[in-house]
Structure formats: C-alpha cells, structure tokens
Amino acid sequence: MFSEQEFSARLLQWFDQHGRHDLPWQADKSPYFTWISEIMLQQTQVSSVIPYFQRFVERFPNIQVLAAADLDEVLHLWTGLGYYARARNLHKTAQMIHHDYQGQFPQTLDAMQALPGIGRSTAGAILSIACGQRAPILDGNVKRVLARFYAIQSWTGERQTEQALWTKAERLTPHTRVGDYTQAIMDLGATLCKRSRPACLLCPLQAGCAAFKQGLAQHLPVPRPKKERPTRHLHLWLWQNSAGEILLQQRPPSGIWGGLWSLPEEEMAPPTRLKAQALAPIAHSFSHYHLEMTPWLIPHPADPDTRIMEERPSLWYNVHSQAPDIGLPAPVKKLLIHLQSVNGVMA
Ligand code: SF4
C-alpha cells in the first residue's frame, strides 16, 4: 500500500495520458453541465448517456430554461433513460435554484445536498469538477476502486462500510487538481477497474492494491446479500375509442414511473362483456420487484369507464401518429409501437 499522496499522484499521471478528456460535458465544466451529466450517469453508462445529454442541453441550455420548462417535456427527453425520479428532481432543483439562489448553484456541500436528487457524492462531483473545491466523491465506480484497493470484504452498501469508504475517499482527495482527480478516479473505475475482468496489469495503482496482491480483484467488491425480489402481476387495460386511439393516464407525481403517461392498471382482467383481446405479456424488473403485465385491448367500448377517465389526467393517444411530447415508461412505449401492427387498431 502506498501513501495518499502517491495514490492521487499516480492516478493523475495516468489520467493525463489515458483519461477521458472529450466527453460532451467536459466542453463546459459549469455546475449546470456537470450536474446534468452526473445525474444522468447515475445507474447509466457513459455511452448511453451521451446522446441523451446532447439532446437535453440543446433543448435546455441553462438552468433558467430548464426551470421554465414543462415537466412533461423534461420527462419526454428522459424517456428510455429510466429512473424517472431523477428527471423530476432535476426539474424541481432547477426551479429551486432559479427562485431561491438567483439561478446560481449554491457553493457549499450542505446547501447543495439539500437540493432534490443531489446526494453527497453528486454534490462532491459538482463542487470539485465545476468549482475546484476539495470535496470527495463516492459513486459506484469509486466504491469499487476503493473496495478493491483496500481489499474490503464487506458489502459496500452496508452503513459502516460506506462510512469507512467515505473516510478513505476524503483522505485520498488531493488539495490540488481536485476536479481532475474526481474525473480520474471515475475514469479508472469505468475503464480499468471494471466490474468484471479488471485490467490490473495496466493499472497505475497496482503496486499498492491489496485486492491485486491477494488475488481478489475479480471477487471484490462482495455482492449485495441476496434477497428474493417478489413478482407482481397486473393487467393493463387499453381502452380504445371509435377513432382507434388508446386511453393514457398520467401517473401520480411520485413513485414508480411518477408523472409519466401510462395505461390504466387493474388487478383483474377485463370482464368478458367488454370482448377484450389479450396481447403478449410484458415483463419489467425494478430494483425491488419484478412486474408481469398482461395487456388487454378493449376496442370501441360501448360503455366508456367514466371512473377510469375521472381518476387522473387522461388523453387519447393515436399510435399511428408521431409520438407526442410526453414521457412514457419504456415498456408502455414498446407496447404502443407494437400496437401499430395489431389488427383492429385503426390508422
Ligand atoms: S490493480 Fe486491479 S483491482 Fe486494483 S485498483 Fe487497479 S484495476 Fe482495480
């Protein structure tokens, strides 16, 4: 193991030669661009984030434009990235910064962490990359690098382990070039110290890495203790009016797919009097459970269900016209595209 100074010096030297310097959000290291990229990069890989980031900042080039935007449009540009709470929090935070901070990001860890969707690691990334402040980060990549470097044998999501990792991250963060250091340790985790098959032979930290010395690199960090995810079943009712359009409803603002436009969900299949046609089932997994959905096409309902219509904001969606600017959950979007080829769905 080597000293903290040696750790950061080796990492920075490697970063200068091999780090990623041309990611779209690196062109403008403002708090706004850094924040958008950091939120998108949570649970999503760089290559998937790039086109979303480019479309997003083209439409919302600064915090004022984002704060003034309609949430539906923000969710629409987020469709496919998943974890939609991120988009809702992004919109809420933009409005808070616009109203409470005159459009300028707060510059302290505490104030930044008080904003929706910004945890300690994201706040650290923004403060170090965009403001040059010595603030550590501990995202998934960094947790993996440190768990291996110190050969930590407990699950990194466990409270005590996470606390110990924060202490180490704090000590390792240098006093100079903090923004580069933050980028460097994220890059090392993403390109060399990868989840599977870490490229230890190319790693600048190899000489001090405990996991490498003990032959444990492949086995660390230890996985989260297994917990069976339950499976939930539900039925999606696709009400279709005489023009062939499908009824969509906006989901409540919080919870799964919050604020997105989806199909009415029921515990039961439609009654036979509705002459519903069963479509191919869809499966979707969330972090806490699996969802199995049976879609039912209910054509030309003679008796439109006013209860469903009144429950939430609704709209009639034409599957053949260009998608409107609304956010749709990925499986629902797929189902609506599939409907274009289903007999009985009129153009
Ligand atoms: S030597 Fe291997 S396990 Fe250790 S930090 Fe480098 S890539 Fe990761």
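Start at 1 and go down the list; that is how both ligands and their atoms are numbered.
- Classification of the Phe33-Phe53 ring pair by plane angle, with boundaries at 30° and 60°, yields perpendicular.
- Numbered from 1 in the order shown, with element, the atoms of ligand 1 that lie under 4.0 Å from a heavy atom of Ala217 read 3 (S).
- Ring planes of Phe286 and Tyr289: tilted class, angle from 30 to 60°.
- The two residues Leu220 and Ala147 come nearest to each other via the heavy atoms CD1-O, 4.0 Å.
- Side-chain heavy atoms closer than 4.5 Å link hydrophobic residues (I, L, V, M, F, W, Y) into clusters, and following such links, even through other members, never connects Leu115 to Tyr83.
- Atoms of ligand 1 found under 4.0 Å from any heavy atom of Gln206, numbered from 1 in the order shown, are 1 (S).
- Counting protein heavy atoms only, atom 6 (Fe) of ligand 1 is closest to Cys203 SG, 2.3 Å.
- Counting the atoms of ligand 1 from 1 in the order shown, those under 4.0 Å from a heavy atom of Arg148 are 3 (S).
- When hydrogens are left out, the protein atom nearest atom 2 (Fe) of ligand 1 is Cys200 SG, 2.4 Å; that is the closest non-hydrogen contact.
- Between Trp239 and Tyr317, the distance separating the two ring centers is not shorter than 6.0 angstrom.
- Here the protein heavy atom with the shortest distance to atom 8 (Fe) of ligand 1 is Cys193 SG, 2.4 Å.
- A donor atom on one side chain and an acceptor atom on the other are found under 3.5 Å apart for Gln42 and Thr122.
- Protein heavy atom in closest approach to atom 4 (Fe) of ligand 1: Cys209 SG, 2.3 Å.
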